[in-house]
Protein chains: 2
Amino acid sequence: MKAHQIVLQWVEREIAGGRLEIGQRLPAERAIAQQLEVSRTSVREAIRVLEAMGMVRSGVGSGPDAGTLITADPSAPFTSAMRLHLATSHLPAADIVQTRVLLESWAVEHAKLSSPSLDSALALLEAMDVPDISAERFLELDAEFHVALSQAAGNILISTMMGSLRDSIGHYTLDMISNLPDWSATAARLRSEHHGIYDAIRTASPSLASELVVAHIEGYYREAGFSSPEQAGAEIIERTS
Amino acid sequence: MKAHQIVLQWVEREIAGGRLEIGQRLPAERAIAQQLEVSRTSVREAIRVLEAMGMVRSGVGSGPDAGTLITADPSAPFTSAMRLHLATSHLPAADIVQTRVLLESWAVEHAKLSSPSLDSALALLEAMDVPDISAERFLELDAEFHVALSQAAGNILISTMMGSLRDSIGHYTLDMISNLPDWSATAARLRSEHHGIYDAIRTASPSLASELVVAHIEGYYREAGFSSPEQAGAEIIERTS
DNA sequence: GCGGCTCTATGGTTGGACCACAAGATGATG
DNA sequence: CATCATCTTGTGGTCCAACCATAGAGCCGC
């Protein structure tokens, strides 16, 4: 077993055993190295891995922001790993769109009316309603709106995956604007659909909300000139390669 | 920007630009360090991160297994990160079960009859049919069977997530055996349900297959004494904490 | 030919040194 | 006494030089 893996294993056991918890600090790198009898270099390699997995966050100096703090950001590994794997073209964009539709339609169907995420969604909805908003800003809020919706179901795993997909999705929704015949008309339609989805959730019509979401997403791709998410994915791969 | 991030960025650009591809080797650590004007230590930290994300695989010595090979195993980051985040109890097991049902029911509904994964699934099915199989071995094959099914839809992202969930799921399906009143009876039922699912896919009855999968998974939890996956998750957290 | 040897290049590991940073302790100064 | 500058301490960030372990490549003696 490699030296840095010893450290990883130790950290995992400390966490699983409750001796380390979120919000606490890891011992100093030099202290861990001494305790586990490995070099500080190896400790640092392990911490880099933990950092990439969103388990810790390091800060220099002293004070509240210093030291290696144990966090728990499950989205970090998904986001960064997905971006890299996308670059290899072994993860087709079409798969991402397809997955998005699946996760999001499920999430709105199982949204909990008591979730505070719905309030955030409403705020985003209103932010999108301002008249002279730029297309970039609109799509940004759009993405956040969809993530907020998917959080309302209360499944951390699914909302996390949606949050990670959001970044990947953001890259090409913007590209697709140029394919639209009339952005302001599209924006108006998107606004109306967003409100429709939101209202369906609020009035406890889960299956309707789900259908509207699917239609909303697929409609956007259709209007941008793709007859299906599969083709959209293929086209995007063409253009970015 | 930290030194190791420079390396990560460089690797990402090399891959995105097609100058590095899967199957090729990264330059030697010392060479990268010299080229990017960072220390070898920083290069190694970056490689550790890439390794954790399933992007590379390092080997010492010389020959075909030596050097740092660019792979593309999207399941690696999901699996390891999920295990760690599970340990923090910020990722409830119930969420995992719920996600599994969602992904798997979608996958069988969209399974492609031409997929070779279906042949693998059949082989696994037959392996599970041998009379004197142990419960452990049966559940192992069971897990592989479900992963094979989810691969048949051809969505890399979804099958990858299922593969990662499989590890987490495996931990507690085994635990649940003790809750079963009659294992051999349950095994017989599972076999029959597996064949039912497989046949539904083969006979191009996607919605039936999907329903059977949901019933199959939820039925297992019910028989083990949980009335819903949510309760199962809660119970598992109790027992492992 | 063939077995064993050295050579070489790879990643793996280590200890030590130094830097940048930020808070807290200290002390000079008005 | 209050205030501000300075020093101290402890943190992560970086780098270097050396050494080890591995495993193929090539050479040499037989």
Side-chain angles (χ1 to χ4, degrees), chain A residues 1-11 14-15 19-73 76 80, chain B residues 1-11 14-15 19-73 76 80:
Chain A
M1 171 167 287
K2 293 174 187 171
H4 80 273
Q5 292 178 312
I6 294 176
V7 181
L8 285 173
Q9 197 178 50
W10 175 80
V11 171
E14 291 294 302
I15 291 177
R19 292 177 292 282
L20 285 178
E21 290 184 352
I22 295 174
Q24 288 184 342
R25 275 174 186 71
L26 236 53
E29 294 177 354
R30 292 164 176 89
I32 298 177
Q34 193 171 12
Q35 180 179 343
L36 300 184
E37 297 182 307
V38 295
S39 70
R40 192 182 153 209
T41 309
S42 301
V43 174
R44 287 181 57 75
E45 286 182 1
I47 289 180
R48 280 285 120 82
V49 173
L50 292 172
E51 206 171 27
M53 295 198 292
M55 289 297 305
V56 303
R57 191 223 65 203
S58 294
V60 294
S62 56
D65 277 2
T68 303
L69 192 70
I70 302 178
T71 61
D73 175 16
S80 57
Chain B
M1 174 168 285
K2 293 176 187 170
H4 82 273
Q5 292 178 312
I6 295 175
V7 182
L8 284 174
Q9 197 178 50
W10 176 81
V11 171
E14 291 294 302
I15 291 177
R19 291 178 293 281
L20 285 178
E21 291 183 352
I22 294 174
Q24 288 183 344
R25 276 176 186 69
L26 237 53
E29 295 177 353
R30 292 165 176 88
I32 297 176
Q34 194 171 13
Q35 180 179 343
L36 300 185
E37 296 182 307
V38 295
S39 71
R40 193 182 155 209
T41 309
S42 301
V43 174
R44 286 180 57 75
E45 287 182 0
I47 289 180
R48 281 284 120 82
V49 172
L50 292 172
E51 205 172 27
M53 296 198 291
M55 289 296 307
V56 303
R57 191 224 64 204
S58 294
V60 293
S62 56
D65 277 2
T68 303
L69 191 70
I70 302 177
T71 61
D73 175 15
S80 56

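To find a chain, count down the sequence lines: A is the first, B the second, and so on, and within it residues start at 1. Worth knowing before you read on, the calculation uses all heavy atoms, side chains too, and leaves out hydrogens, waters and symmetry mates. Just so it is clear, the structure is predicted and the values come from calculations on it, not from any experiment.
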Expressed as a whole number of angstroms, how long is the span from [X]:[atom1] to [N]:[atom2]?
{"X": "Lys2(B)", "N": "dA20(C)", "atom1": "NZ", "atom2": "P", "value": "17 Å"}
{"X": "Arg57(A)", "N": "dG12(D)", "atom1": "CZ", "atom2": "C1'", "value": "12 Å"}
{"X": "Met1(B)", "N": "dA20(C)", "atom1": "CE", "atom2": "P", "value": "20 Å"}
{"X": "Leu69(A)", "N": "dA22(C)", "atom1": "CG", "atom2": "P", "value": "17 Å"}
{"X": "His4(A)", "N": "dG12(C)", "atom1": "NE2", "atom2": "P", "value": "9 Å"}

Cationic N near anionic O, under 4.0 Å, Glu29(A) to Arg44(A): yes
Lys/Arg N to Asp/Glu carboxylate O, Arg48(B) vs Glu45(B), below 4.0 Å: no
For Ala76(B) versus Met53(B), what's the shortest heavy-atom pair and its separation? CB-C, 4.4 Å
Between [X] (side chain only) and [Y] (backbone N and O only), is there a donor and an acceptor less than 3.5 Å apart?
{"X": "Arg25(B)", "Y": "Ala66(B)", "answer": "yes"}
{"X": "Gln5(B)", "Y": "Lys2(B)", "answer": "yes"}
{"X": "Thr71(A)", "Y": "Gly54(A)", "answer": "yes"}

Just wondering, do [Y] and [X] contact through their side chains at under 4.5 Å, heavy atoms?
{"X": "Leu26(B)", "Y": "Leu20(B)", "value": "yes"}
{"X": "Arg40(A)", "Y": "Ile32(A)", "value": "no"}
{"X": "Leu36(B)", "Y": "Val43(B)", "value": "no"}
{"X": "Ile70(B)", "Y": "Glu21(B)", "value": "no"}

Looking at DNA chain D, which of residues 38-55 of chain A put a heavy atom within less than 4.0 Å of it? Arg40(A), Arg44(A), Arg48(A)
Heavy atoms from other residues, nucleotides or ligands near CD of Gln34(B) exceed 12 (cutoff 6.0 Å): no
Helix axis bend for the helix from dG1(C)-dC30(D) to dG30(C)-dC1(D) - C1'-based end axes, five pairs, 10° rounding: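 For the helix from dG1(C)-dC30(D) to dG30(C)-dC1(D), the axes at opposite ends meet at about 30°.
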Give me the distances for all protein-to-nucleotides 3-10 of chain C N/O pairs that come in under 3.5 Å?
from	atom 1	to	atom 2	distance (Å)
dT10(C)	O2	Gly61(B)	N	3.4

